[in-house]
Every structure is written in structure tokens, then in C-alpha cells.
Amino acid sequence: MFKELQMEIASEIASIAPAVDKIVAEIRSSSCLPGKEQDIELALFEALANAVIHGNRKQPAKRVNISCRYVRERRDCVSIVIRDEGAGFDPAAVPDPTRPENLDAEHGRGILMMRAFMDEVRFEKGGTEVHMIKNCDPAD
């Protein structure tokens with residue numbers, strides 16, 4: 001079972017899918033989130049896209065760091081932290097994509113999707129870090 005995985009990718013769109021594939025493969029092979037791997041996959045893709053596109057502005061010299069680990073505490077979970085080298089942002093200032101005036105927008109649903117697919121999502125260090133947690137089902 002995987003315990004921890006550290007990765008660093010360039011701020012290029014082409015770097016996102018291979019990183020997501022590798023992390024999801026580790027989670028899938030560990031069987032710590034049976035049936036929930038696709039939730040992780042979608043949220044992770046959105047978080048990495050935000051870090052690459054909005055955080056680092058697709059500047060290949062800037063890196064995105066990914067830390068993924070299986071945590072055994074009060075309940076088992078998978079914890080993922082994505083760090084970019086951008087200027088950060090205020091999550092409260094991001095327009096609500098569910099408001100009528102934003103429904104036709106081509107962008108702006110990433111945070112909503114992360115929150116929909118993960119059990120916890122929080123932004124730290126001025127918005128340059130996103131922390132996501134997916135809880136595992138307790139053993140029967």
C-alpha cells in the first residue's frame with residue numbers, strides 16, 4: 001500500500017495528465033479508496049490545472065509540487081497538497097459558477113468541482129497551496 005508520493009511537474013498543460021495518472025494508479029493499487037478513485041482523479045486534475053494555468057501562468061520554469069499520502073488517524077484518508085509558485089489568490093473573490101450570469105462562462109468551475117469530489121478542500125499560503133482530503137470508508 002502506498003504511504004506517500006512526492007512529485008514535481010513543470011507548469012505545462014502536457015504535464016498534468018501523466019501526473020494525475022501516476023497518482024491515481026498508486027491510489028487504485030493500494031485499494032485504500034475503492035470506488036472513489038475517479039473522485040480523486042477529477043479533483044486532482046482541476047487542482048493541477050489551476051496551479052499550472054492560473055497560479056504559475058504556464059511558465060515552464062515555475063514548478064508545481066504535489067504531495068499525496070495515505071493518512072491513518074481517527075479515520076483513514078488520502079491527503080493531497082498542491083503547491084504552485086504563483087502570486088496566490090483569494091478564494092472568496094472567485095465568482096460563483098452557479099450564478100445565472102456565470103453559467104455560460106468557459107472557465108471558473110475548478111474549485112466547485114474540487115469541493116464536490118473531495119471531503120475537504122482548503123486554500124493556504126495566500127492561495128498558493130490547495131489541501132484536499134478524501135475520507136476512506138471505515139472497515140465493516
**Q** What is the minimum heavy-atom distance between M132 and M114, and which atoms define it?
**A** SD-SD, 3.8 Å

**Q** So which atom in C136 and which in C32 form the shortest heavy-atom distance, rounded to 0.1 Å?
**A** SG-O, 2.9 Å

**Q** Under a 4.5 Å cut-off applied to non-hydrogen side-chain atoms, are V130 and N50 in contact?
**A** no

**Q** Starting at CD of E120, measure out to NZ of K134 and round the result to the nearest 0.5 Å.
**A** 12.0 Å

**Q** Do you reckon I111 sits in the same ILVMFWY cluster as V81, going by side-chain contacts under 4.5 Å, direct or chained?
**A** no

**Q** For I82 and L44: C-alpha separation, side-chain torsions, deciding distance, then whether side-chain contact (heavy atoms from CB on, under 4.5 Å) applies.
**A** CA-CA 9 Å; I82 310 291; L44 181 58; 3.7 Å; yes

**Q** For the residue pair D84 and G55, what are the closest heavy atoms and their distance?
**A** OD2-CA, 3.7 Å

**Q** For residues 76-99, which residue pairs pass the ring pair (Phe, Tyr, Trp, His ring centres under 6.0 Å) check, not counting sequence neighbours?
**A** F89-F123

**Q** Testing the basics here: between P60 and A10, what is the closest heavy-atom pair and its distance to 0.1 Å?
**A** O-CB, 4.0 Å

**Q** Heavy atoms only: give me the nearest A87-T128 pair and the separation to one decimal.
**A** C-CG2, 4.2 Å

**Q** Using a 3.5 Å cut-off and no angle test, enumerate the donor-acceptor pairs between side-chain atoms of residues 12-25 and protein atoms at least two apart in sequence or in another chain.
**A**
none

**Q** Report the distance from atom CZ of R63 to atom CD of E8, rounding to the nearest 0.5 Å.
**A** 4.5 Å

**Q** Distance-only, no hydrogens or angles: does the S11 side chain make a donor-acceptor pair with backbone N or O of K62 under 3.5 Å?
**A** yes

**Q** Apply side-chain contact (heavy atoms from CB on, under 4.5 Å) to I27 and C68, showing your working.
**A** CA-CA 9 Å; I27 292 169; C68 180; 4.1 Å; yes

**Q** Locate the shortest heavy-atom distance separating G86 from N56; write the atom from each residue and the value.
**A** N-OD1, 3.0 Å

**Q** Establish whether I133 and F45 are linked, either directly or via other cluster members, by ILVMFWY side-chain heavy-atom contacts under 4.5 Å.
**A** no

**Q** Are any side-chain N or O atoms of D119 and backbone N or O atoms of N135, one a donor and one an acceptor, separated by less than 3.5 Å?
**A** yes

**Q** Are more than 12 heavy atoms, taken from residues, nucleotides or ligands other than E124, located less than 6.0 Å from that residue's CD atom?
**A** yes

**Q** Nearest 0.5 angstrom please: Y70 OH to S79 OG, how far?
**A** 13.0 Å

**Q** Are L5 and V78 grouped together when hydrophobic residues (ILVMFWY) are joined by side-chain heavy atoms under 4.5 angstrom apart?
**A** yes

**Q** Going by side-chain heavy atoms closer than 4.5 Å, which hydrophobic residues are tied to F117, directly or by a chain of links?
**A** L42, M113

**Q** Around atom CZ of R122, are there more than 12 heavy atoms from other residues, nucleotides or ligands closer than 6.0 Å?
**A** yes

**Q** If hydrophobic clusters are built from ILVMFWY residues whose side chains come within less than 4.5 Å, do V94 and V121 share one?
**A** yes

**Q** Once rounded to the nearest 0.5 Å, what's the spacing between atom CD of Q38 and atom CZ of R28?
**A** 8.5 Å

**Q** Side chain of D39, backbone of M118: donor and acceptor closer than 3.5 Å?
**A** no

